[in-house]
Amino acid sequence: MIILKNISKIYRSKTQVVQALDGVDLSVNEGEIFGIIGTSGAGKSTLLHSVNLLEAPSHGQVIVADQNLTMMSKKDLRLARHHIGMIFQHFNLLASKTVYQNVALPLKLLGKRQSEIKSKVQPLLEIVGLTEKQANYPRQLSGGQKQRVAIARALACDPQVLLCDEATSSLDPKTTRTILELLKKINQQLILTILLITHELSVIKKICDRVAVLDQGKIVESGDIIDLFTKPRSNITKQLIHAHLRHELPQDVMQRLSPQAGEDRNPVMQIRFMGTTTAEPINYRLAVNMAIDINILQANIEFIKTEAVGMMVIELLCKPDKLSLALAYFTKQQVDVEILGYAKHTIH
């Protein structure tokens, strides 16, 4: 549905040259919810705006629904954009128009008759749960309601693709959940392809099927959402996950931690496991079968969509020769392991 080929974007001024995107390749399947995550300045918004050519790429091709937008005339591009809806972080509603009028605006600009507009707007207001608010103005709405208006407006022209530009960043956690549930419902009911950008892993894990991690204008990692959490490969992905899970090691452990192994040091590791493994007494079996004592430093179970994913930071109180046995055991149990360092033994 969406194919980006070798997309680059360069901004030039008299004093500097900034490369916002650097050779991005991306493919989004029809009907899926695809997330792009990264820190501020990673190039997320530039990438999203490239999909409908609000930001024309300096190099590369943008293909949406088998149409190469980068090869189109301005007239044809305007027509193609009718099938690409977009919602923004700050809603972008017209303050002087009612809820109904805001949703109807794209249809009015297309010259549709009032009867056509009404037959389209009313069902959309019902979908987003704002039928009773249609005569209200934006100032009379909550943030979540404003975003629902923006979603209905984006759907007015029957888009095949919906682009979401940090659509929940201005909302509180409870309202964010309701908006994400609405996007998921729309995705399923309308078979709508959704591409969203965010810096929040809580958004990604809630509704996305696949995800790409953007860093300094490049995609450093992409794949299934479960793999992102259980088998992160890039440093930036690990940092995002650690920040999300708040796996900060206790101060006394940090003071004892070193990157070097040694006879007087215990391995400290993060283990990640999923599915039925989350209910298994892995640490207990390791302690009983191999006589390895375990100090649990942090523990958490996340639900990624409907899948349980467990994450734990542990310190193995063992000699170095038993570390390889423990790692082999975790591998057998299909548990992913990342050694964070080695902590000096404490004296009791």
Side-chain angles (χ1 to χ4, degrees), residues 1-12 20-21 24 26-31 34 36 43-121 123-125 127-128 138 146-147 149-167 183 186-187 190-197:
M1 176 58 71
I2 301 173
I3 299 174
L4 305 182
K5 294 183 178 180
N6 196 26
I7 295 296
S8 295
K9 179 63 178 181
I10 299 173
Y11 295 101
R12 302 180 188 274
L21 298 174
V24 172
L26 185 69
S27 178
V28 180
N29 299 323
E30 183 177 3
F34 195 104
I36 298 173
K44 303 186 300 297
S45 290
T46 302
L47 181 58
L48 190 77
H49 296 168
S50 295
V51 175
N52 58 5
L53 265 63
L54 286 180
E55 290 278 0
S58 304
H59 180 77
Q61 298 182 62
V62 178
I63 301 170
V64 179
D66 297 324
Q67 292 184 300
N68 191 331
L69 304 190
T70 44
M71 300 295 290
M72 285 183 172
S73 65
K74 290 183 179 180
K75 178 182 178 181
D76 290 339
L77 180 58
R78 284 195 298 270
L79 294 174
R81 282 176 174 156
H82 293 161
H83 302 292
I84 305 174
M86 192 165 189
I87 57 176
F88 303 87
Q89 178 180 357
H90 298 296
F91 324 126
N92 290 9
L93 302 180
L94 295 179
S96 61
K97 293 189 178 297
T98 65
V99 167
Y100 181 97
Q101 291 168 337
N102 267 282
V103 178
L105 184 61
L107 299 170
K108 186 176 180 180
L109 293 175
L110 289 175
K112 300 293 185 180
R113 297 191 303 271
Q114 286 300 319
S115 58
E116 291 181 89
I117 293 175
K118 184 177 181 179
S119 65
K120 189 67 183 178
V121 172
L124 288 174
L125 291 174
I127 288 175
V128 300
K146 290 176 184 177
Q147 194 60 283
V149 177
I151 291 171
R153 181 183 59 189
L155 298 177
C157 293
D158 296 318
Q160 297 170 294
V161 171
L162 180 63
L163 306 179
C164 303
D165 190 354
E166 297 277 10
L183 290 174
I186 290 169
N187 164 256
L190 305 180
I191 317 298
L192 185 67
T193 303
I194 298 178
L195 177 62
L196 63 87
I197 65 167

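Throughout, numbering of the chain's residues begins at 1 and tracks the sequence.
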Item to check | Rounded distance (nearest 0.5 Å) linking atom CG of Leu107 with atom OG of Ser119 | outcome: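 The distance works out to 8.5 Å.
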Checklist entry - Under a 4.0 Å N-O cut-off, is there an ion pair linking Lys120 with Asp158? => result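 Yes, Lys120 and Asp158 are salt-bridged.
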Of the non-hydrogen atoms in [X] and [Y], which two are nearest, and what is the gap between them?
X      : Y      : value
Val62  : Pro57  : CG2-CG, 4.3 Å
Gln101 : Ser96  : OE1-O, 4.4 Å
Ile87  : Ala154 : CG2-CB, 3.8 Å
Asp165 : Ser45  : OD1-OG, 3.4 Å
Phe88  : Gln147 : O-NE2, 2.9 Å
Ala80  : Gln67  : CB-OE1, 4.1 Å

Counting C-beta onward and ignoring hydrogens, is there a side-chain heavy-atom pair between [X] and [Y] closer than 4.5 Å?
X      : Y      : result
Ser27  : Ile2   : no
Met1   : Asn29  : no
Val121 : Tyr100 : yes
Val64  : Val51  : yes
His82  : Pro159 : no
Val149 : Pro138 : no

Item to check | Evaluation steps, side chain to side chain contact (heavy atoms under 4.5 Å, CB included), between Leu192 and Val161 | outcome: CA-CA 6 Å; Leu192 185 67; Val161 171; 5.8 Å; no
Next on the checklist: Please evaluate residues His49 and Met86 with respect to the criterion side chain to side chain contact (heavy atoms under 4.5 Å, CB included), reporting the C-alpha separation (whole Å), side-chain torsions for both, the decisive distance (0.1 Å), and the verdict.
Outcome noted: CA-CA 9 Å; His49 296 168; Met86 192 165 189; 3.1 Å; yes
Next on the checklist: side chain to side chain contact (heavy atoms under 4.5 Å, CB included), that's the test. Do Val24 and Asn6 meet it? Break it down for me.
Outcome noted: CA-CA 5 Å; Val24 172; Asn6 196 26; over 6 Å; no
Item to check | Distance-only donor-acceptor check, side chains Asn68 and Gln61, under 3.5 Å | outcome: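 Yes, a side-chain donor-acceptor pair sits under 3.5 Å.
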Item to check | All salt bridge (charged side-chain N to carboxylate O under 4.0 Å, His left out) counterparts of Glu116, not counting sequence neighbours | outcome: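 So Glu116 forms a salt bridge (charged side-chain N to carboxylate O under 4.0 Å, His left out) with Arg113.
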